[in-house]
Structure formats: C-alpha cells, structure tokens
Amino acid sequence: MMTVRTRFAPSPTGFLHIGGARTALYSWLYARRHHGSFILRIEDTDLERSTPEAVQAILEGLSWLGIDHDEGPFYQTKRLDRYRAVIDQLLEQGDAYRCYCAKERLEKLRADQTENNIKPRYDGRCREGGHQKDAQAPFVIRFRNPHEGLVEFDDLVRGKISTQNSELDDLVIMRSDGMPTYNLSVVVDDWDMQITHVIRGDDHINNTPRQINILNALDAPLPKYAHIPMILGEDGKRLSKRLGAASVLNYREEGYLPEALLNYFVRLGWSNGDQEIFSIKEMTDYFDMAHISKSPAAINPQKLQWLNQHYLKTLNPEKIIDLLKHQFELIGINNIDKSILAELISAQSERCKTLKEMVEKSQFIFKDFEEYDADAAAKNFAHESIVVLQSLYNSFETLENWTKEALHQIVLDYAEHNNVKLGKVAQPLRVALSGCSVSPPIDMTLHMMGKEKVLNRIKRAIQYIEAR
RNA sequence: GCUCCCUUCGUCUAGUGGUUAGGACGUCGCCCUCUCACGGCGCAAACAGGGGUUCGAGUCCCCUAGGGAGCACCA
C-alpha cells in the first residue's frame with residue numbers, strides 16, 4: 001500500500017490564521033492517522049508580498065500548536081530551476097506556448113467579456129503562434145489547455161466534481177519576469193514531493209481541473225484531493241481581522257492553550273459522532289475524510305472558551321504553571337512561588353476561561369488593589385463588620401501553621417461560636433482581602449495570600465470602615 | 001454575468017429511506033453553595049421552500065431561493 005504523504009503549503013504573506021491552522025491540522029492528522037509523512041512547503045513565488053517575518057510567524061504558530069512536519073520546510077524560490085525545466089518540457093511537447101499579448105489588450109478583453117456577461121478568459125490569440133513582434137518583446141508562457149472533453153475528479157469530501165474543458169482557458173504558468181505561477185509550482189511540487197493527498201481549502205476547487213490537466217500533460221500521477229470548507233467569522237461572513245482572522249499566536253497571548261485550539265479546530269468541520277473532547281491521540285486515531293462536513297463553519301468563541309477552560313481544569317497543572325507564570329510577568333508580577341501557582345490553578349481554573357483572565361482575577365493576591373469596589377463595600381462593610389474582622393485578625397495573627405485547613409477552621413469556628421451564617425463572616429473578609437465580592441474560596445485565598453498581606457489588608461479594611 | 005460548490009436548533013454538529021430528529025456551546029430555569037464559579041438536573045430551540053420517486057423522505061431526483069468560491073503575469 002502506498003504511504004500517505006500530505007502537505008501544508010502556506011504562502012508567507014501574513015501570519016498563520018485560523019483557516020490556515022485548521023487546514024494544516026487536518027493535513028497533519030491525516031498523515032499521522034495513516035502513519036504517513038507531513039510535508040511543509042512555503043509558497044513564496046510572489047516576491048512582492050512574501051516576507052521572512054511571515055515565514056517565521058507561520059513556523060512559530062505551527063510549532064506552538066504542536067503540528068510538526070517530517071520534511072521541509074521547502075521553499076519554492078529555491079526550486080526555480082526545476083520549474084523552468086518543467087516549463088521547457090511543456091514548451092517542447094507543445095503543451096505550452098509563449099504569449100506576447102499586452103496587459104492592456106487582456107484587460108480590455110476582460111472588460112468586454114464582463115460587459116457582455118460572459119466569463120472572462122484568455123481568447124487564445126497566441127495559442128497558434130505568429131503574433132510575436134520581436135524576439136526581445138516580453139512574454140509569458142501559457143499552458144495549452146485542451147478544448148474538448150471534461151475533467152472529472154473524485155473529491156474525498158465533496159464527491160464527484162466535473163468541469164468542461166471549454167470552461168477553462170490557457171492559464172499563465174510563467175510570468176514575464178520568469179517566475180512560475182501558483183498553478184504550475186503546486187503541480188510540480190506535489191508531483192516531486194510525491195504528495196498522495198492534497199488537503200486544502202475549497203477555494204481551490206476551481207483550480208483543481210486546471211492542475212489535473214497540467215499533471216496529465218506531464219504524465220504525472222494524480223494525487224487524491226480533499227477540499228475542506230472555509231471558516232467563517234462569528235457573523236457568518238468571511239473572516240475579518242476583527243473577527244478571528246488574527247494570528248493563532250494572538251490566542252497564545254490571550255491565554256488560550258494549544259490543546260483547546262486544536263480541539264476546537266478539529267471539531268470545526270469534522271466530527272466523530274457526539275464526541276466533543278479529543279486528545280491528540282484520539283484525533284489521530286479517529287480522523288477521517290468521510291466525516292468532514294461540506295459546508296462552511298462559523299467560529300464560536302464561547303465554545304473555544306469552554307474548551308479552554310476544560311483544559312485549564314483537567315490538564316496536569318505542571319503543564320500550565322509556566323504559561324501562567326509568563327502571563328503574570330506580562331503585567332509585572334514576578335517571583336511567584338511555584339507551589340502557589342499550582343494552588344492558584346486549582347483554585348481559579350474553574351472560574352476562568354483563559355490564563356489571561358486567571359491573572360486578572362488573581363493579581364489582587366500579589367499586588368495591592370487600588371480601592372474597594374463600591375457596591376461590595378456598601379453591602380459587606382457594615383459597622384458591625386469591624387468586630388468580625390478584628391476577631392479574625394486576632395486569630396490569624398496568632399496562627400502558627402498557615403495551612404488551608406487551619407484557616408478554614410478559624411472562619412468556621414467564628415461563625416459557629418457567634419451563631420452567624422458563614423456568609424456573614426466570609427463576605428466581609430473577602431472584600432477586605434480582594435477589594436471586591438468575588439474571589440476563590442476564602443480559605444484558599446487566605447492561604448495563597450500569606451499571613452503578612454492578610455493582616456495588612458484586614459487592618460486596612462477596619463480603618464476604612466471606621467473612617468466612614 | 002458565467003462556472004463550480006454548499007444549505008439540520010442562534011452556533012458547531014449526529015443522522016447514509018422507517019428516529020418522540022440526538023449531542024455540544026450559548027441562553028433561560030432549578031438544585032448545590034462563604035462570593036463568583038465548577039458540578040448536577042431541566043426547559044426552549046432545527047431538517048431553506050416547492051415538486052417528484054417510494055407503502056414511507058432530513059436522508060434519493062428535479063426546480064426555486066439563499067450563501068460561498070473561482071473567473072489575475074495572487075496564492
């Protein structure tokens with residue numbers, strides 16, 4: 001049986017966005033599923049728009065997601081000789097020809113065709129030769145597409161797709177500057193790299209028949225094709241900068257985990273029955289073409305957040321400690337003890353969707369807050385609270401073993417001995433510690449904050465209440 | 001405009017001729033509770049429309065509508 005070889009072939013004209021990442025994931029999963037190879041290829045023949053920064057961003061994005069390649073990255077600009085050789089071969093065979101048509105003429109042609117409501121296409125003026133003005137004149141090379149018959153292929157996700165050759169025109173395969181065009185270079189690369197399964201966005205469906213014709217002219221084997229649907233923004237429209245077309249690396253900054261993103265992407269256009277949660281292992285075990293959906297999918301940030309929280313809650317804390325530490329450093333909080341970070345994760349993961357949110361909701365533990373939340377203070381800082389706070393202060397001050405259990409007991413005991421509900425004790429204390437009415441369980445908060453800060457904040461709260 | 005493609009709850013989807021059309025996110029309600037959450041339980045919510053084929057259609061065929069992509073010396 002033939003070994004599966006898939007590829008991801010981005011053009012480095014921007015960062016790795018959601019659509020590209022999902023295409024890469026599907027291609028990668030398919031290769032992994034079949035114990036094949038995944039090849040990375042950079043399609044940089046557009047000299048104007050390609051940048052090394054973009055290459056870097058794409059590589060970093062893939063690596064962050066954990067999508068590793070077995071071969072490459074190959075750069076098309078390093079394979080120009082090869083494309084030239086293939087073009088020469090096509091020329092020699094008579095499957096390609098030089099075209100001297102001026103851009104102006106072609107533009108006019110297109111304009112006329114559009115006006116007459118016919119599909120714009122090259123009219124084949126140079127197809128039979130004889131229009132060459134002089135040998136020095138600039139020219140492009142066009143592929144001589146068959147006029148007759150139809151091209152048919154069996155798409156792994158869409159089924160049979162067929163196109164009449166009469167719908168296709170003679171496409172440019174080499175620009176006047178000598179650079180090959182996309183349709184030529186993909187064909188040559190996929191052929192040379194022995195790609196067995198071309199998995200790409202469905203915006204390429206219309207290119208496929210042209211590429212098949214070139215492959216046939218070259219007497220090259222045809223790969224199988226799988227065209228996956230586009231990803232839409234939340235609004236159901238094309239992805240825009242604001243709604244999700246951002247780099248996947250932005251998600252890292254926003255405190256998302258690669259596990260969550262991968263899980264989200266894999267379910268966006270593919271399914272395995274009712275299963276929602278997938279480990280990498282499960283993805284690579286179950287991924288198949290048969291269950292890729294045909295219609296485009298809109299992104300749903302809430303579901304991504306839900307998944308992110310799921311992984312925040314269930315992943316081994318060891319895996320997220322460093323990421324959390326990094327997020328704290330971004331807002332200038334350094335040197336948090338590792339054991340405290342671990343405790344923080346267990347306390348906050350069930351109330352935060354992202355690492356960034358976790359940091360925002362936890363910073364009060366390490367850094368003094370500016371002022372009390374007005375509502376929280378009004379509601380929980382009654383004058384009687386002073387007694388409560390003072391009593392707790394005394395207990396905490398004399399506590400030697402600053403353990404969660406001991407702290408819990410102190411709060412509990414106070415409520416019990418004074419015959420008040422726990423809420424009447426915990427809430428004023430919570431506001432004193434955090435400045436607002438929301439925090440992790442009071443014993444954990446006390447423990448993570450540490451004795452010194454706890455005492456200071458209670459003192460501060462008492463003074464605040466007295467001053468009112 | 002032409003060609004190709006797509007169409008199940010708000011969203012992601014299950015479904016391959018016989019289902020009370022299932023799950024998940026989100027929403028809403030209830031329970032749990034020291035706050036916020038987590039968790040548990042529950043409600044509402046969909047086969048784009050119209051024709052066929054068939055004993056029977058979300059599933060097959062046709063038409064209409066809506067959406068998308070392509071029609072470059074971009075990829």
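Chain A is the first sequence line, chain B the second, and so forth, proteins listed ahead of strands; every chain is numbered from 1.
- Using a 4.0 Å heavy-atom distance criterion, A:Ile205 is classed as a sugar-phosphate-only contact.
- For an aromatic pair to be called close, the ring centres must be under 6.0 Å apart, and A:Phe369 with A:Phe364 fails this.
- Between the CZ atom of A:Arg110 and the P atom of B:C71 there is a distance of 10 Å, rounded to whole Å.
- Below the 3.5 angstrom threshold, one finds a donor paired with an acceptor across the side chain of A:Arg430 and the base of B:C34.
- Remark: the A:Thr163 side chain and the B:C4 base include no donor-acceptor N/O pair separated by less than 3.5 Å.
- Here B:C73 presents its C1' atom at 17 Å from CZ of A:Phe143, a figure rounded to the nearest Å.
- Within a 6.0 Å radius of CD in A:Glu48, no more than 12 heavy atoms belonging to other residues, nucleotides or ligands are found.
- Side-chain atoms of A:Asn145 and A:Asp170 form no donor-acceptor pair, as typed in the model, at a separation below 3.5 Å.
- The side chain of A:Trp306 sits closest to B:G26 out of B:G26, B:C5, B:U35.
- Remark: the backbone N or O of A:Arg144 is not paired with any side-chain donor or acceptor of A:Asn213 at under 3.5 angstrom.
- Which of B:C4, B:C73, B:U8 sits closest to the side chain of A:Ser295 comes down to B:U8.
- When each of B:C5, B:C38, B:C71 is scored by its nearest atom to the side-chain atoms of A:Pro120, the top-ranked nucleotide is B:C71.
- Judged by distance alone, the side chains of A:Asn272 and A:Asp288 never bring a donor and an acceptor atom under 3.5 Å apart.
- The side chain of A:Thr45 places an N or O atom within less than 4.0 Å of a non-bridging phosphate oxygen (OP1 or OP2) of B:A75.
- For B:C38, the base is syn relative to its sugar; the glycosidic angle is within 90° of 0.
- When the nucleotides B:G70, B:C38, B:A75 are ranked by their closest atom to the side chain of A:Lys313, B:C38 comes out on top.
- Rounded to whole angstrom, the span from the NE2 atom of A:His408 across to the P atom of B:C34 amounts to 9 Å.
- When rounded to the nearest whole Å, the span between CD of A:Gln348 and P of B:U35 equals 16 Å.
- Residues A:Gly423 and A:Thr181 each lie close to RNA chain B; by heavy-atom proximity, the contact nearer the 5' end of the strand is made by A:Gly423.
- For the pair A:Arg7 CZ and B:A75 P, the interatomic distance rounds to 14 Å; values are reported in whole Å.
- Out of B:U7, B:A75, B:C73, the shortest distance to the side chain of A:Val172 is found at B:C73.
- Spacing between atom CG of A:Asp274 and atom C1' of B:C25 amounts to 13 Å, rounded to whole angstrom units.
- B:C43 and B:G22 have their P atoms separated by 11 Å, given to the nearest Å.
- Going from the P atom of B:C62 to that of B:C4 covers 13 Å, rounded to whole Å.
- Taking atom CG of residue A:Asp177 and atom P of nucleotide B:C73, one finds them 12 Å apart after rounding to whole Å.
- When heavy atoms are screened at a 4.0 angstrom cut-off, A:Pro441 is found touching base atoms of the nucleic acid.
- Of the candidate nucleotides B:C34, B:C73, B:U3, B:U3 has the atom nearest to the side chain of A:Glu167.
- For B:G18 and B:G58, the C1' atoms lie 13 Å apart once the distance is rounded to whole Å.
- Aromatic pair A:Trp270/A:Phe278: centroids less than 6.0 angstrom apart.
- Between A:Phe8 and A:Phe38, the ring center distance fails the sub-6.0 Å criterion.
- Here, B:A46 and B:U20 have their C1' atoms 15 Å apart, quoted to the whole Å.
- If you check distances only, the side chain of A:Arg351 never reaches the base of B:C38 with a donor-acceptor pair under 3.5 Å.
- Pairing partner, B:C2: B:G70, with both Watson-Crick or wobble hydrogen-bond distances short of 3.5 Å.
- A gap of 27 Å separates the C1' atoms of B:G10 and B:U16, to the nearest Å.
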Stepwise ring-ring contact (aromatic ring centres under 6.0 Å, His included) test for A:Tyr264 and A:Tyr256 = CA-CA 11 Å; A:Tyr264 182 68; A:Tyr256 287 87; 9.5 Å; no
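- The A:Lys119 side chain lies nearest to B:G70 when the options are B:U35, B:C73, B:G70.
- In this structure, B:C38 makes no Watson-Crick or G-U wobble pair, since no nucleotide meets both defining distances under 3.5 angstrom.
- Residue A:Ser162 is classed as a sugar-phosphate contact, given heavy-atom separations below 4.0 Å to backbone atoms only.
- For A:Glu416, the CD atom counts as loosely surrounded, since its 6.0 Å shell holds 12 or fewer non-hydrogen atoms of other residues, nucleotides or ligands.
- Comparing the same atom, P, in B:G15 and in B:G51 gives a spacing of 28 Å after rounding to whole Å.
- Here A:Asn207 lies in heavy-atom contact (under 4.0 Å) with a base.
- With P as the reference atom, B:C60 and B:G67 are 24 Å apart, rounded to whole Å.
- Residue A:Arg267 is in base contact, counting any heavy-atom pair closer than 4.0 Å across all strands shown.
- Distance, A:Glu48 CD to B:A72 P: 19 Å, rounded to whole Å.
- Across all strands, A:His204 comes closer than 4.0 Å to base atoms (heavy-atom distances).
- Within the 4.0 angstrom heavy-atom criterion, only backbone atoms of the sugar-phosphate kind lie near A:Met230; the bases stay farther away.
- Between the side chain of A:Glu276 and the base of B:G23, a donor-acceptor pair under 3.5 Å is found.
- Here the nucleotide nearest the side chain of A:Lys303, chosen from B:C4, B:C73, B:G23, is B:G23.
- Using a 4.0 Å heavy-atom criterion, one finds that A:Gly236 contacts no nucleic acid atom at all.
- Using N1 to N3 plus N6-O4 or O6-N4 for Watson-Crick, or N1-O2 and O6-N3 for G-U wobble, each under 3.5 Å, B:G18 pairs with B:C55.
- Going from the C1' atom of B:U7 to that of B:C47 covers 10 Å, rounded to whole Å.
- Proximity of a side-chain donor or acceptor of A:Ser185 to a complementary backbone N or O of A:Tyr182 within less than 3.5 Å is detected.
- Among the protein residues, A:Ser434 comes within range of no part of the nucleic acid, since none of its heavy atoms lies under 4.0 Å from any strand.
- For B:G15, the OP1/OP2 oxygens have a side-chain nitrogen or oxygen of A:His291 closer than 4.0 Å.
- Comparing B:C38, B:G70, B:U35 by their closest approach to the side chain of A:Asn206 singles out B:G70.
- Look at B:A65: its Watson-Crick or wobble partner, with both distances under 3.5 angstrom, is B:U7.
- Taking the nucleotide of RNA chain B with the nearest heavy atom to each of A:Ala297 and A:Met174, the more 5' of the two is matched to A:Ala297.
- At a threshold of 4.0 angstrom between heavy atoms, the contacts of A:Pro10 with the nucleic acid are absent.
- Set against B:C25, B:C38, B:A75, the side chain of A:Lys353 has B:C38 as its closest nucleotide.
- One finds a side-chain N or O of A:Ser271 lying less than 4.0 angstrom from the OP1 or OP2 phosphate oxygen of B:A14.
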